[in-house]
Amino acid sequence: MSVKFKTATGVHDTGDCFLNLNLLAHSQLIELDIGSQCGGYGKCAGDKIILAEADRKKVSAPNAIELHQLTAEEIQKGFRLACQCFPNQNNEELVISLP
Ligand code: FES
């Protein structure tokens, strides 16, 4: 099971999924730039991702930083900040799109 990032250049598969690693860190495992500008501190909102509906229950709930940085409509549509979002367990299968 792994984290797959769907981008304009194709699907980028991390090959693994780790409970204690946020989704920004997963992208960094494969040297995929998803737009982080603040280094994962929840300040830039440059690392917005969209989770497939079926995958939203496989990750941590939006935290206070995300509720501040994202609109209610974005959250309803599955937008998250990759640096604030963690898989609920090892070996999840997650499909992520970039807005
Ligand atoms: S990397 Fe800046 S908000 Fe996530």
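Whatever order the structure lists them in is the order used to number ligands and atoms, beginning at 1.
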**OP:** Provide the protein N, O or S atoms situated under 2.8 Å from atom 2 (Fe) of ligand 1; waters are not included.
**Re:** C38 SG, C44 SG
**OP:** Carefully, step by step, assess L29 and F18 under the rule side-chain contact (heavy atoms from CB on, under 4.5 Å).
**Re:** CA-CA 11 Å; L29 286 176; F18 301 105; 4.0 Å; yes
**OP:** Dump the intermediate steps for side-chain contact (heavy atoms from CB on, under 4.5 Å) on M1 and E92, then the final yes or no.
**Re:** CA-CA 6 Å; M1 299 297 176; E92 285 284 20; 5.8 Å; no
Subject >> All salt bridge (Lys or Arg N to Asp or Glu O under 4.0 Å) counterparts of K4, not counting sequence neighbours >> reply: D13, E93
Subject >> Residues which pass side-chain contact (heavy atoms from CB on, under 4.5 Å) with I50, listed by chain and number, not counting sequence neighbours >> reply: F79, S97, P99
Original post:
When Ile, Leu, Val, Met, Phe, Trp and Tyr are grouped by side-chain heavy atoms lying under 4.5 Å apart, directly or through other members, which residues fall in the same group as L32?
Top reply: V3, F5, L23, L24, I30, I34, I49, L51, V59, L94, I96, L98
**OP:** Answer yes if I65 and Y41 sit in the same cluster of Ile, Leu, Val, Met, Phe, Trp and Tyr residues linked by side chain heavy atoms under 4.5 Å apart, and no otherwise.
**Re:** no
